[in-house]
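I have placed the structure first, in the form of structure tokens, so that the comments after it can refer back to it.
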Amino acid sequence: MLNLTEELKALSLQAFKALFDQDLDENLIQIQPTRKEFEGSHTLVCFPLSRFSKLNPEQTAGAVGVYMQENSELVSGYNVVKGFLNIVIADKVWLKIASDILNTPNYGFKVATGREVMVEYSSPNTNKPLHLGHLRNNFLGYSVAQILKANGNKVHKVQIINDRGIHICKSMVAWQKFGEGETPESANMKGDKLVGKYYVIFDQKYKAQIAGLVEAGKTQEEAEKEAPLIKEAQEMLLKWEQKEPETYALWEMMNEWVYKGFENTYKTMGVDFDKLYYESQTFSLGKEEVLRAVEEGLAYKKEDGSVWIDLTEEGLDEKLLLRKDGTSVYMTQDIGTAILRYRDFPKIEQQIYTVGNEQEYHFKVLFIILAKLGYEWAKNCYHLSYGMVDLPTGKMKSREGTVVDADDLMEDMFATAKSRTDELGKIDGFNAEEAEELYRQLGLGALKYYLLKVDPVKRMMFNPEESIDFQGNTGPFIQYVHARICAILRKAEQIGVKPSVSENLNSLEPTENNVLQLIIDFPNKIDEAANGYAPSIIANYVYEVAKAYNKFYSEVSIFNESDQEALAFRIGFSKIVAETIEKSMNLLGADVPEKM
RNA sequence: GACCCCGUAGUUCAACGGAUAGAAUUGGAGUUUCCUAAACUUUAGAUGCAGGUUCGAUUCCUGCCGGGGUCACCA
């Protein structure tokens, strides 16, 4: 397919050769979109070129403009504003491109390049239900995976489940002591919520014990160490490590509850994984690697038996790799997990970790350690870091109950979608099932779009009352445009108009031209989003497309067109737009309804 | 204390070093005998401060101010 930007770059180089006898470096040629107040679609920036033309930027632009119009069939006109050469592409060229796009089913997506990557996201603790922060994480990771796939990568979606450690034992102890045999069934609760409940109970009772001990004269520190509950949890961890059958069975049962609950939530969220890793299966490998590192002199053992690695040469600190009792820490298991993944998928060229920005230091250290351990691939590991989601009430803290629960939030979104839809009363023909599906698509679309349109590095504010809207720059706005186009396509089919692009058309509407300019940029946007791991680029792009089409829709009446070729073009053109919107929204993990 | 990230309309977000800093929302004024008004048109409103580099700085560099984070034998 014709790549206008590349063609115009080549044409610019050609012009400089012909007019000024200069062989320019291609990197000097800047083609950018024309500002909408000027005529034209592509703009050549001439300021950096004037020293080669020996003319001022304005004269340079004029000379190149004349050359382009005379020597290329692509260019039908130009205008010069200061040092900017605004180029007008011939309508015939636009029509040819539109025709090509209409006939390219996978338009925008690259063919498989053979490159293989792994994307990790979610990776929750098993004793806390998923919350708003996890939603940003999951939507981001899933969307990046989709975008990388569209850009020609083979993608493996994975997560690491934190299924062992003292925190799990806390929930287990609390359940044993205070649970009275409660199960998700008997309590009529999701399993993850039930386990989360006991984690909170543990925390409350533990705090009470500490307070009691402090009252009895202990220091805070002593009290924290000596409280009976924490001792029980520590004993439980030891029993677990020795695989004491009763403890292990309890652990398995409660984990199973959590997994069932999570699975349910992931399903609602519309994300999935190709393979799950469990910390309980990777920490031993991490330990082995650390011991190997000690043997090879990369790490060292202190007198108390703890193992450390010295990263002062890299400008970092010394880092603990194994506790003095030989048990593994967070870093140990991440070392093991990374290595295991490359054993499972030897062909992956990159591992992408979707984890909050508070762990930047951790991943920096992890990648250095892996490199020191001799793993070549470590240099390609990437921490996809993102900022926290803030609430108007302040920070999210699970212990203080200021989290927004993922399940609850999604249910709220669906309810909002329902009431909004009922108000508008446009879905008379829908049965109950179809209506539910629509609410799901709209609610999730709003939520995903809201969380993804922001640049990941930024902290973002989430106001449950005000933030999620269905009007303006939102998911439902974009979904609405798609639904309207679908209505047009249905009507076209009824009256027997086939979408097609004839190059004999006389002219394009300006609003059509604006939309087409955006559509031809779709592959570049995917590339840009993939290179920057940035779904926000796709989100902002699809919004532009939807907005531009809305303008066309309000200005041009499609079915009043008497010329059959022009009518068929508008149908075809609309079809392209609908497809681009659908693909873009799918890259964000959102669906688009055909009616709403 | 050291290091990292972020400061743009009242609010929530945009802007490969490029033109008069875009949207949405809020407020004001309009549009429906015509394809879905969850839409469209119009109006009002912003780059934390001070330097520097550049033809050109929201963007790059330095300092300051403000917000957040990290530097655990927690994960």
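Only this structure's heavy atoms are used, side chains among them; waters, hydrogens and symmetry mates stay out. For clarity, every value in this text was computed on a predicted model and none was experimentally measured. Numbers restart at 1 for each chain; the letters A, B, ... are given by sequence-line order, proteins then strands.
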So Val307(A) and Val294(A), do their side chains get closer than 4.5 Å, heavy atoms only?
yes
RNA chain B: 5'-proximal contact among Ala483(A) and Ser554(A) (nearest heavy atom)
Ala483(A)
Sugar-phosphate, base or nothing in reach of Ile488(A), heavy atoms under 4.0 Å:
sugar-phosphate
Given rA37(B), is OP1 or OP2 found less than 4.0 Å from the side-chain N or O atoms of Arg484(A)?
yes
Taking the six-membered ring for Trp, is the centroid-to-centroid distance between Phe477(A) and Phe470(A) below 6.0 Å?
no
Counterpart residues, salt bridge (Lys or Arg N to Asp or Glu O under 4.0 Å), relative to Glu226(A) (two or more places apart):
Lys218(A)
Could you walk me through whether Glu437(A) and Arg440(A) pass the salt bridge (Lys or Arg N to Asp or Glu O under 4.0 Å) check?
CA-CA 5 Å; Glu437(A) 176 59 15; Arg440(A) 206 188 74 87; 3.5 Å; yes
How is Asn560(A) classified with respect to the nucleic acid when contacts are heavy atoms under 4.0 Å: base, sugar-phosphate, or nothing?
nothing
What integer distance in Å separates Lys128(A):NZ from rA75(B):P?
12 Å
Candidate nucleotides rC40(B), rC73(B), rC13(B), ranked by approach to the side chain of Trp308(A) - the nearest
rC73(B)
rC73(B), rU36(B), rC13(B): which one has an atom nearest the side-chain heavy atoms of Asp304(A)?
rC73(B)
Taking atom P of rA2(B) as reference, at what distance in whole Å does atom CG of Leu316(A) sit?
17 Å
Specify the separation, in whole Å, of atom CD of Glu360(A) and atom C1' of rG68(B).
12 Å
Below 4.0 Å: OP1/OP2 of rG7(B) and any side-chain N or O of Lys458(A)
yes
Please evaluate the base of rC34(B) for a donor-acceptor partner in the side chain of Ser557(A) within a cut-off of under 3.5 Å?
no
Heavy atoms only, 4.0 Å cut-off, all strands: where does Thr421(A) land among base, sugar-phosphate and nothing?
base
Lys595(A) near the nucleic acid: base, sugar-phosphate alone, or nothing, with a heavy-atom cut-off under 4.0 Å?
base
Provide, to the nearest angstrom, the distance between the CZ atom belonging to Phe559(A) and the P atom belonging to rC35(B).
10 Å
If you only use heavy atoms from C-beta on, which nucleotide in rU70(B), rA37(B), rA75(B) is closest to the side chain of Tyr330(A)?
rA75(B)
Interatomic distance where CG belongs to Asn357(A) and P belongs to rC6(B) [whole Å]:
10 Å
For Ser328(A) and for Leu442(A), find the nucleotide of RNA chain B with the closest heavy atom, then tell me which residue's nucleotide is more 5'.
Leu442(A)
Just the rounded figure in Å: distance from P of rG10(B) to CG of Asn463(A).
18 Å
For Ser574(A) and Tyr549(A), does a side-chain donor sit closer than 3.5 Å to a side-chain acceptor?
yes
Rounded to whole angstrom, note down the P distance from rU8(B) over to rU12(B).
8 Å
If you look at every strand shown and take non-hydrogen atoms under 4.0 Å, does Phe470(A) touch a base, only sugar-phosphate, or nothing?
base
Determine the contact category for Met460(A): base if any of its heavy atoms lies under 4.0 Å from a base atom, sugar-phosphate if only primed atoms, P, OP1 or OP2 are that close, otherwise nothing.
sugar-phosphate
Quick check on ring pair (Phe, Tyr, Trp, His ring centres under 6.0 Å): which of Phe367(A), Tyr121(A), Phe363(A) does His383(A) satisfy it with?
Phe363(A)
rA2(B) versus rG10(B) - spacing of their P atoms, nearest Å
34 Å
Roughly how many Å apart are rU70(B) and rG17(B), using the C1' atom of each and rounding to a whole number?
32 Å
Return no unless some side-chain N or O of Arg51(A) is found under 4.0 Å from OP1 or OP2 of rU54(B).
no
Report the distance from atom CD of Gln359(A) to atom P of rC74(B), rounded to the nearest whole Å.
15 Å
Take the angle between the ring planes of Phe573(A) and Phe569(A) and call it parallel below 30°, perpendicular above 60°, tilted in between.
parallel
Nucleotide of rC35(B), rC13(B), rC73(B) approaching Val454(A) most closely (side-chain heavy atoms):
rC13(B)
Students often get this wrong, so: under 4.0 angstrom with heavy atoms, is Tyr553(A) touching a base, only sugar-phosphate, or nothing?
base
Would you please say whether a donor-acceptor pair under 3.5 Å links the side chains of Ser122(A) and Asn138(A)?
yes
With a 4.0 Å cut-off on heavy atoms, is Asp455(A) in touch with a base, just the backbone sugar-phosphate, or nothing at all?
sugar-phosphate
Nearest-Å distance, CG (Leu452(A)) to P (rC13(B))?
14 Å
For atom C1', what is the distance between rC60(B) and rU47(B), given to the nearest Å?
16 Å
Check every strand shown and say whether Glu279(A) touches a base, only sugar-phosphate, or nothing at a heavy-atom separation below 4.0 Å.
sugar-phosphate
Could you tell me how far rA9(B) sits from rA23(B) if I compare only their C1' atoms? Round to whole Å.
11 Å
Please examine the side chains of Lys287(A) and Leu322(A), heavy atoms only from C-beta on, and report whether any two atoms are closer than 4.5 Å.
yes
Output for pair (Tyr278(A) OH, Arg164(A) CZ), nearest 0.5 Å, gives 15.5 Å
Can you check each nucleotide of nucleotides 17-24 of chain B against protein heavy atoms at under 4.0 Å and return B for base, S for sugar-phosphate only, - for none, in 5' to 3' order?
-BBS-SSS
Pick base, sugar-phosphate or nothing for Val556(A), based on heavy-atom distances below 4.0 Å to the nucleic acid.
base
